[in-house]
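Notes follow once the structure below has been shown.
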Amino acid sequence: MRKAISRIGWMMAGFASANLAVFFAMFRSPKRKWEKESYDCAVVCGYFANEDGTPSEMMKSRVDKAAALWKQKKVGYLILSGGAVHNKYVEAEIMKKYAMEQGVPEEYILKEKQAVSTYHNLQYSAKIMDNFGFKDCVVVTNGWHLRKADHYARRARVEYVMAEASNPKGMGWFRCFLMNIQTNFCMYLNMWKGYY
C-alpha cells in the first residue's frame, strides 16, 4: 500500500514538474529592461471600475504609473484599453477621466474601448499604434499580471517593454500571490484550449 501511494506521489510530482516546465517555456519572464530612454506610448491594460462608475484602486494604480511615465517624458501618449467587461462602465472612459485628473492632457490620451481580455488589450492597442505611426510602447499593468500581458504583447508583434504598476494600498502579499496563481492557471488552461 505504501509503495502504491509513494508511486502515485512521484507520478503527481512528475506531472506537476512537466506542466511547470511547459508553462515557463511558453510564458517567459516579462521583458522589463528598457532599451531606450522613451517610447512612443504607454498601453494601459484595463481593469474594471467600481459599481458606481468610479475608478477601482487597481485601475488607479495602472493609470497612476502611466501618468507618471508621461510626466517623466518616458512615453508620448497613453492608450487606455478596456471595454465594459465586468459592469456597464467602459474601462477606457473611466481611465481617461482619471488620467486627466492626474494631469495628463486630453490630447495625449487615446481610448481603446472594445477589449474584453488582456489578449484584446494588446491586439486592439497594436492597431491603434499602427494607425498613429507609433513604433513602440510601454505596457503598464500590475506585477501579478505582467507575465500574461507580456505574452500577449509578443503575440501582437509590437516592440515593447513592461512597466509594473504598484499594487493598491492594503493589497497584501497573500492576495497578490493568489492573483498570480489564478492568472497563471487561466493562461495555462487557455493555452491547452487553443485560445489566443
Side-chain angles (χ1 to χ4, degrees), residues 12-13 15-34 41-51 55-69 78-87 89-92 94-95 98 112-126 137-196:
M12 289 176 67
F15 179 76
S17 297
N19 278 278
L20 280 173
V22 170
F23 177 85
F24 287 113
M26 287 296 300
F27 305 110
R28 70 181 190 197
S29 183
K31 180 181 176 184
R32 297 171 185 252
K33 185 177 179 183
W34 287 52
C41 64
V43 172
V44 184
C45 295
Y47 196 86
F48 58 87
N50 294 322
E51 291 301 321
S56 64
E57 293 304 310
M58 197 74 74
M59 178 187 282
K60 284 181 180 179
S61 69
R62 296 177 184 188
V63 176
D64 285 341
K65 179 65 175 182
L69 291 172
L78 306 187
I79 299 177
L80 307 175
S81 177
V85 183
H86 292 279
N87 52 40
Y89 298 103
V90 176
E91 295 167 7
I94 307 297
M95 288 193 289
Y98 182 70
E112 184 292 297
K113 303 189 292 183
Q114 295 177 302
V116 296
S117 68
T118 309
Y119 169 79
H120 294 105
N121 287 146
L122 276 303
Q123 289 292 320
Y124 297 155
S125 294
C137 67
V138 179
V139 180
V140 179
T141 192
N142 300 94
W144 55 267
H145 192 241
L146 282 176
R147 189 182 297 270
K148 185 176 185 181
D150 180 278
H151 177 70
Y152 293 131
R154 278 187 287 132
R155 294 288 301 271
R157 292 184 169 83
V158 295
E159 186 179 340
Y160 72 97
V161 68
M162 304 300 296
E164 181 177 351
S166 300
N167 287 324
K169 289 178 182 175
M171 182 176 175
W173 70 268
F174 187 67
R175 184 181 169 208
C176 187
F177 172 76
L178 290 179
M179 292 186 85
N180 261 295
I181 296 297
Q182 179 185 10
T183 302
N184 293 345
F185 183 70
C186 287
M187 289 167 63
Y188 198 52
L189 281 183
N190 286 343
M191 180 190 76
W192 286 111
K193 291 176 182 176
Y195 297 160
Y196 314 139

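Quick caveat, the model's predicted, so the values are computed rather than measured. Just the heavy atoms: all of them, side chains too, but no hydrogens, waters or symmetry mates, feed the values below.
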Legend entry - Residues forming a side chain to side chain contact (heavy atoms under 4.5 Å, CB included) with V90, sequence neighbours excluded: A84, A92, E93, K113

Inset, instruction - Output all residues satisfying ring-ring contact (aromatic ring centres under 6.0 Å, His included) with Y89, sequence neighbours left out; order by chain, then residue number. - result: none

Legend entry - Side-chain heavy-atom pair R155, H151 within 4.5 angstrom cut-off: yes

Inset, instruction - Locate the shortest heavy-atom distance separating A156 from Q123; write the atom from each residue and the value. - result: CA-NE2, 3.5 Å

Inset, instruction - Report the distance from atom SG of C176 to atom CD1 of I181, rounding to the nearest 0.5 Å. - result: 10.5 Å

Inset, instruction - Grab the two heavy atoms, one from T141 and one from A149, that are nearest each other, plus how far apart they are. - result: CG2-CB, 4.0 Å

Inset, instruction - Output all residues satisfying salt bridge (Lys or Arg N to Asp or Glu O under 4.0 Å) with K60, sequence neighbours left out; order by chain, then residue number. - result: E57

Legend entry - Side chains of N142 and R62 in contact at under 4.5 Å (non-hydrogen atoms): yes

Legend entry - By side chain to side chain contact (heavy atoms under 4.5 Å, CB included) - contacts of A153 (at least two apart): L122, V139, V158, Y160

Inset, instruction - Kindly compute the distance separating SG (C137) from CG (L78), expressed to the nearest 0.5 Å. - result: 12.0 Å

Legend entry - Partner set under ring-ring contact (aromatic ring centres under 6.0 Å, His included) for Y124, not counting sequence neighbours: H120

Legend entry - Note, D64 side chain near Y98 side chain (heavy atom, < 4.5 Å): yes

Inset, instruction - Rounded to the nearest 0.5 Å, what's the gap from OG on S61 to NZ on K169? Could you check? - result: 12.0 Å

Inset, instruction - For V140 and A165, work out which heavy atoms get closest and say how close. - result: CG1-CB, 4.4 Å

Inset, instruction - Search all heavy atoms of N184 against all heavy atoms of R147 and return the closest pair with its distance. - result: OD1-CD, 4.3 Å

Legend entry - Side chain S56, main chain F48, donor-acceptor under 3.5 Å: yes

Inset, instruction - Would you indicate whether the side-chain heavy atoms of M171 and M58 approach each other to under 4.5 Å? - result: yes

Legend entry - Nearest atoms (heavy-atom pairs only) where S125 meets V43: OG-CG1, 3.5 Å

Legend entry - Interatomic spacing from CG in N180 to CG in L146 - rounded to 0.5 Å: 9.0 Å

Legend entry - Least distance between heavy atoms, A49 atom then N87 atom: O-ND2, 2.9 Å

Inset, instruction - Rounded to the nearest 0.5 Å, what's the gap from CH2 on W144 to CD on Q182? Could you check? - result: 8.0 Å

Legend entry - From CG (D150) to NE2 (H145), nearest 0.5 Å: 11.0 Å

Legend entry - salt bridge (Lys or Arg N to Asp or Glu O under 4.0 Å) partners for R32, two or more places apart: E164

